[in-house]
Amino acid sequence: MRRLPPVLLEDGCPRELISLIRTILAACKEISFRVGQGALSGVLGSTLDENIQGETQKKLDVVTNQLLKDILLESGYVKAIASEEEDYTVAGNPDAEYIVAFDPLDGSSNTDINSLVGTIFSIMKAPEGSDAADQSIFMQPGKNQVAAGYVLYGPCTTLALTTGKGTRFFTLDKTHGTFLLTQDFAQVPEDTNEYAINASNQRHWQPAMQSYIDDLMAGETGPRARNFNMRWIAAMVGDVHRVLCRGGLFTYPTDTKDPNKPNKLRLLYEANPMAMLIEQAGGIASTGTERIMDIQPDAIHQRVAVILGSKNEVETCLGYHK
Ligand code: AFP
């Protein structure tokens, strides 16, 4: 089986970018080990702190953030980082070409129940001549990403990666500590009978999403004239992995549950990298009104509505939003 560096070299991926990706993966191998140790490593449970987004931090949120932050800033390959767990961006090597946004441990509420979690990352180039300490270097649309991926810590540790030449899966060979190519050019099936949404928010959704989900739930007796199945892992990384593997529609739509927080998922380190992986596998990623990767961000922790997955099903859902 082929290792990650030669696969990316054949794609013409710059050596510096490959080194940066390998740096991220070095931290992810360590995270994979710690997550796998569970209660034995003493990192389950919550801290007493909240992050800037008002969410209680899990101990593993803090540990994984520190691991990624240290390794990236010490590597010399990054000009700055933005993390779900950092209030502001952090400056790195002023002469470096790349910037990295990441969610160190997506779905961290799953850690204490031995369920799926993952690391999500997005890599862009810093604008030429920019200042490493300037937060605005991250204010670029997702279409500027040069690479995006996630590492899913499940029964096995899987990397989904794109550098703009398709989406590939690599599996961590834990004996040798190497990511090996296990699927070239993943393709999201265009049709699906599976969807993922937190249905407990139904009464807070906007009318378009209410109607769409009503029609799915009506099954073969409704306007769609067939039955649909629902799945919800409570970790976007797990839900998107399922969609990449066998199709589906994943959405976290706008809702009115908390008027100060109409959307849940973060643009820079959740929606954008997932959108790139999905589009590179033939799927669609939208907010309901626009392509996610076209959004011009205006804040590091900006949140957006997300509807992504199988092309025909996402288009059907978007039809309800017109
Ligand atoms: P955390 O990374 O803070 O655990 O949040 C996970 C997440 O942002 C996303 O991965 C899930 O799809 C979503 O939250 C789950 O939300 P609910 O709590 O509404 O199920």
Side-chain angles (χ1 to χ4, degrees), residues 28 31 34-35 43-47 49-68 82-87 101-122 148-154 158 160 194-206 209 213 230-244 248-258 260-275 277-278 285-288 292 300-309:
C28 292
I31 295 172
R34 304 248 186 136
V35 168
V43 287
L44 300 189
S46 301
T47 66
D49 299 325
E50 281 189 351
N51 63 18
I52 192 170
Q53 302 163 67
E55 298 160 344
T56 307
Q57 286 179 308
K58 293 283 182 186
K59 287 184 195 163
L60 265 171
D61 284 325
V62 177
V63 169
T64 54
N65 182 56
Q66 199 64 48
L67 267 167
L68 272 158
S83 162
E84 179 183 357
E85 305 303 335
E86 297 286 331
D87 296 1
F102 58 85
D103 178 351
L105 203 65
D106 177 60
S108 53
S109 67
N110 280 350
T111 50
D112 297 347
I113 57 165
N114 193 15
S115 193
L116 292 180
V117 288
T119 300
I120 309 173
F121 58 90
S122 156
Y150 61 76
V151 177
L152 177 67
Y153 311 110
T158 305
E194 217 163 50
Y195 66 99
I197 190 165
N198 182 345
S200 71
N201 294 326
Q202 178 159 21
R203 67 192 182 284
H204 305 292
W205 298 332
Q206 294 175 327
M209 192 53 82
I213 298 293
M230 194 179 82
R231 290 283 181 271
W232 188 248
I233 292 175
M236 185 190 198
V237 69
D239 282 311
V240 171
H241 188 65
R242 184 187 59 256
V243 169
L244 276 170
L249 178 140
F250 167 86
T251 179
Y252 212 114
T254 301
D255 64 46
T256 54
K257 197 165 148 187
D258 174 353
N260 297 317
K261 208 173 77 178
N263 297 306
K264 168 128 187 178
L265 300 178
R266 279 52 62 107
L267 175 61
L268 292 194
Y269 41 82
E270 291 179 324
N272 269 341
M274 294 312 202
L277 288 162
I278 288 285
S286 167
T287 62
I292 286 174
I300 298 296
H301 299 291
Q302 180 172 344
R303 295 171 190 262
V304 290
V306 172
I307 305 169
L308 61 75

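We count ligands from 1, going down the list as the structure has it; atoms in each ligand are counted the same way.
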**Report entry** Per-atom contacts of ligand 1 with Leu105, taking only distances under 4.0 Å to non-hydrogen atoms
**Finding:** 2 (O)
Requested in this report: Report the distance from atom CZ of Arg266 to atom CG of Asp103, rounding to the nearest 0.5 Å.
Outcome: 6.5 Å
Report task. Check whether the side chains of Ser108 and Asp61 place a donor and an acceptor atom closer than 3.5 Å, and report yes or no. Result -> yes
Query raised in the report: Within the side chain of Asp239, is there an N or O that forms a donor-acceptor pair under 3.5 Å with the backbone of Ile233?
Result: yes
Query raised in the report: Which atoms from ligand 1 have a heavy atom of Arg266 less than 4.0 Å away?
Result: 8 (O)
Query raised in the report: For ligand 1, is there an atom lying under 4.0 Å from some heavy atom of Val117?
Result: no
Requested in this report: Tell me which part of Ile233 gets within contact of ligand 1: side chain, backbone, both or neither, using heavy atoms under 4.0 Å.
Outcome: neither
Query raised in the report: Numbering the atoms of ligand 1 from 1, which are under 4.0 Å from a heavy atom of Glu270?
Result: 8 (O)
Report summary line: Counting heavy atoms under 4.0 Å, the part of Asp106 that contacts ligand 1 is both
Query raised in the report: When you measure from atom 1 (P) of ligand 1 to every protein heavy atom, which one gives the shortest distance, and what is it?
Result: Gly107 N, 3.6 Å
Query raised in the report: Against heavy atoms of Lys264, which atoms of ligand 1 measure under 4.0 Å?
Result: 8 (O), 13 (C), 14 (O), 16 (O), 17 (P), 18 (O), 19 (O)
Query - Proximal ligand 1 atoms for Leu265, defined as those under 4.0 Å from one of its heavy atoms - result: 8 (O), 9 (C)
Requested in this report: Without swapping roles, check the side chain of Asn65 against the backbone of Pro104 for a donor-acceptor pair under 3.5 Å.
Outcome: no
Query raised in the report: Which residue from Met274, Arg303, Met236, Lys257 reaches closest to atom 10 (O) of ligand 1 through any of its heavy atoms?
Result: Met236
Requested in this report: Starting from atom 17 (P) of ligand 1, locate the nearest protein heavy atom and write down its residue, its atom name and how far away it is, to 0.1 Å.
Outcome: Asn198 ND2, 3.5 Å
Query raised in the report: Taking only heavy atoms of Ser109, which atoms of ligand 1 are found under 4.0 Å from at least one of them?
Result: 4 (O)
Report task. Could you tell me whether some N/O pair between Val237 and ligand 1 is separated by less than 3.5 angstrom? Result -> no
Report task. Look only at the side chain of Thr251 and the backbone of Val306, and say whether a donor-acceptor pair between them is shorter than 3.5 Å. Result -> yes
Report task. Tell me which one of Tyr252, Phe250, Trp232 gets a heavy atom nearest to atom 19 (O) of ligand 1. Result -> Tyr252
Query raised in the report: Where the side chain of Asp106 meets the backbone of Tyr269, is there a donor-acceptor pair that is under 3.5 Å apart?
Result: no
Query - Donor + acceptor pair across side chains of Asn201, Tyr252 (<3.5 Å) - result: yes
Report task. Side-chain contact test, heavy atoms from C-beta onward, threshold under 4.5 Å: evaluate it for Tyr153 versus Val237 and give yes or no. Result -> no
**Report entry** Approximate separation, where rounding is to 0.5 Å, of Arg303 CZ and Glu270 CD
**Finding:** 8.0 Å
**Report entry** Under 3.5 Å: N/O of Asn201 near N/O of ligand 1
**Finding:** no
**Report entry** Ser108, portion touching ligand 1 at heavy-atom distance under 4.0 Å
**Finding:** both
Query - Side chain Thr119, main chain Tyr150, donor-acceptor under 3.5 Å - result: no
